[in-house]
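A short write-up of the structure that comes next.
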Amino acid sequence: MAELDMTSPLLSSPSSYQPQTVLTVYDDQDYEPSNLQSSLPTTILHQNHNHGRTHNENGHHSSPNPYEFLRSGGFSVPASTTVDPFRNETPFISGIYEVIKIVLCLPIALARLVLFGASLVVGYMATKVALAGWRDKQNPMPKWRCRLMWVTRVCARFILFSFGYHWIRRKGKPAPREIAPVVVSNHVSYIEPIFYFYELFPTIVASESHDSIPFVGTIIRAMQVIYVNRFSPTSRKNAVNEIKRRASCNVFPRVLLFPEGTTTNGKALISFQLGAFIAGHPIQPIIVRYPHVHFDQSWGFISLPKLMFRMFTQFHNFMEVEYLPLIMPSDHQKQNAVRFAERTGRAMASALNVVQTSHSYGDLMLLMKAAQLQQDKPWSYMVEMARIESLYHISSLEAVDFLDKFLSMNPDPSSYLDQLMF
């Protein structure tokens, strides 16, 4: 061993220092997977995806969990989920309590049905008067016609009362239209459009099929509805342009969208359509909850008459509405509607305390097709269509067609074929 004098360093530095681990911190808005992969030196840092440990060039490993010495397993967020976002939890009447409650509420249900019918007729007549002679549908409804619509809005509140929503708990307040011209909400039941009609009287974006619904079609026309055909690229493009035009002009009501595109059971937040986010306007998210014990109020794969009957025969139905803080798009997000939608979805899912999935309306189409063909477990045919469309560029209509062809081959209960049919 060489002798050391008083001026010699205790530790000699190597001639060339090589770092063992390189950490690069990215902002959420600037994160790009391609950039991340290209920026990490592959000779220095390798990631073992099976064990979640970082390996260096010498073969040693270090755990990303800083609390491992306490025998803590850390935490992780699962990449996917098996939750069914469309299944109603109480599709059938079960239990002595429910039977007794329904029997006791039958006389009340008859009175509620009369109130519902009377409110719908009065609201319809007031709407017909407000729309009489109005031809210029491209401009906002005149104020005197809007004042007549107050009659219909009050009738909407009576309709909510008839369904058992005697009081509705609210948290927060809606932002002024000038600040938040666009509002988005999760969609659980047919109750939310009725509530928003009474509360905000907004312009809504709805499917073209809603125009032919008796009574309801006339009322939503008074809201200057923006119709869209989800399967027509031209219709979707025209709807986006109309959203931009109305959101940019303060004389129009605020624009309300349900970005999920369909109703769910409220246990998850499915993928968002981008129509509300392309314009790049500030958005106020609104979340709706339906607390329950015996009766799930979601319109999740259950018939409308059955759902209405169950609502009529409840003592009271609970509903909570929470207005969340505004989400302002950054300059970068104004050019990227996908990130703006993801940011809004995370805020809503966090407030609802639910998971986000890649399901879409296409999964509901697959579910309905499987149920139509009398499959034992129709929900097992859902594939999170938003992800499938992104990865394989298969549309929802094509997926339903593939399912129809597959089921025509008579697979066994495990979805296996004994032989291929050509």
Side-chain angles (χ1 to χ4, degrees), residues 120 123-124 126-128 130-142 145-146 148-149 152-153 156 177 181-249 251-264 270-281 283 286 299 304 337 341 360-362 364-365 368 386 389 395-397 400:
L120 187 61
Y124 173 76
T127 303
K128 292 290 288 185
L131 292 177
W134 184 37
R135 298 289 181 267
D136 187 11
K137 302 298 177 64
Q138 296 300 314
N139 291 314
M141 178 181 285
R145 295 181 184 271
C146 292
L148 283 176
M149 287 302 299
T152 309
R153 295 174 67 177
R177 191 256 180 251
V182 178
V183 294
V184 297
S185 171
N186 62 319
H187 200 5
V188 180
S189 178
Y190 60 86
I191 295 298
E192 299 105 46
I194 302 174
F195 171 81
Y196 290 132
F197 173 74
Y198 163 72
E199 182 92 343
L200 302 175
F201 192 53
T203 291
I204 64 171
V205 180
S207 172
E208 293 178 344
S209 60
H210 288 75
D211 187 67
S212 59
I213 301 177
F215 296 100
V216 176
T218 300
I219 294 175
I220 64 174
R221 280 196 295 272
M223 300 172 68
Q224 296 187 266
V225 62
I226 300 174
Y227 288 117
V228 60
N229 182 348
R230 70 177 81 233
F231 301 114
S232 170
T234 302
S235 177
R236 293 199 304 267
K237 182 179 180 180
N238 292 337
V240 169
N241 292 334
E242 192 64 16
I243 292 171
K244 291 180 179 179
R245 184 178 77 91
R246 300 192 187 186
S248 302
C249 184
V251 295
F252 278 100
R254 71 192 81 208
V255 182
L256 167 67
L257 297 99
F258 298 101
E260 294 173 289
T262 186
T263 56
T264 69
I270 66 175
S271 61
F272 280 5
Q273 304 295 315
L274 301 180
F277 309 95
I278 294 177
H281 291 284
I283 285 179
I286 310 174
W299 197 2
L304 180 59
S360 69
Y361 181 75
L364 183 60
M365 295 172 61
M368 296 175 66
E389 288 189 59
S395 69
S396 299
L397 293 175
V400 172

Heavy atoms, side chains only, cut-off 4.5 Å: are [X] and [Y] in contact?
| X | Y | answer |
| --- | --- | --- |
| R246 | I226 | yes |
| F272 | V184 | no |
| V216 | H210 | no |
| S248 | H281 | yes |
| I213 | I220 | no |
| L200 | I286 | yes |

I'd like to check the side-chain hydrogen bond (donor to acceptor under 3.5 Å, both in side chains) partners of [X]; sequence neighbours left out, ordered by chain and number.
| X | answer |
| --- | --- |
| S235 | none |
| T127 | T152 |
| R145 | none |

I'd like to know if the side chain of [X] and the backbone of [Y] have a donor-acceptor N/O pair within less than 3.5 Å.
| X | Y | result |
| --- | --- | --- |
| R177 | F252 | yes |
| R153 | Y198 | yes |
| T263 | W299 | yes |

If you look at every heavy atom in [X] and [Y], which pair is closest and at what distance?
| X | Y | result |
| --- | --- | --- |
| M141 | L131 | CE-CD2, 4.0 Å |
| Q224 | P140 | OE1-CA, 3.5 Å |
| A130 | M149 | CB-SD, 3.8 Å |
| L256 | S185 | CD1-CB, 4.5 Å |
| A247 | P181 | O-CB, 3.4 Å |
| I283 | A276 | CD1-O, 3.5 Å |

What is the distance from atom [atom1] of [X] to atom [atom2] of [Y], rounded to the nearest 0.5 Å?
| X | Y | atom1 | atom2 | result |
| --- | --- | --- | --- | --- |
| L397 | F231 | CG | CZ | 4.5 Å |
| N139 | W134 | CG | CH2 | 8.5 Å |
| I204 | F258 | CD1 | CZ | 7.5 Å |
| N229 | N238 | CG | CG | 11.0 Å |
| Y227 | E242 | OH | CD | 13.0 Å |

Quick one, Q273 with L257, criterion side chain to side chain contact (heavy atoms under 4.5 Å, CB included). Give me CA distance, side-chain angles, the key distance, then yes/no. CA-CA 10 Å; Q273 304 295 315; L257 297 99; over 6 Å; no

Scan for salt bridge (Lys or Arg N to Asp or Glu O under 4.0 Å) pairs involving residues 188-217, sequence neighbours excluded, and state none if there are none.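 Checked against salt bridge (Lys or Arg N to Asp or Glu O under 4.0 Å) - neighbours excluded - the pairs reaching residues 188-217 are R170-E199, D211-R221.
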
Test: salt bridge (Lys or Arg N to Asp or Glu O under 4.0 Å). Region: residues 222-231. Which pairs qualify, not counting sequence neighbours?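 Output for this query is empty, none listed.
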
Salt bridge (Lys or Arg N to Asp or Glu O under 4.0 Å) involving R236 - partner list, sequence neighbours excluded: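 With sequence neighbours excluded, R236 shows a salt bridge (Lys or Arg N to Asp or Glu O under 4.0 Å) to no residue whatsoever.
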
Working for side chain to side chain contact (heavy atoms under 4.5 Å, CB included), residues N186 and T264: CA-CA 8 Å; N186 62 319; T264 69; over 6 Å; no

Are S209 and S207 close enough, and set up right, to give a side-chain hydrogen bond (donor to acceptor under 3.5 Å, both in side chains), and what steps lead you there? CA-CA 5 Å; S209 60; S207 172; 3.1 Å; yes

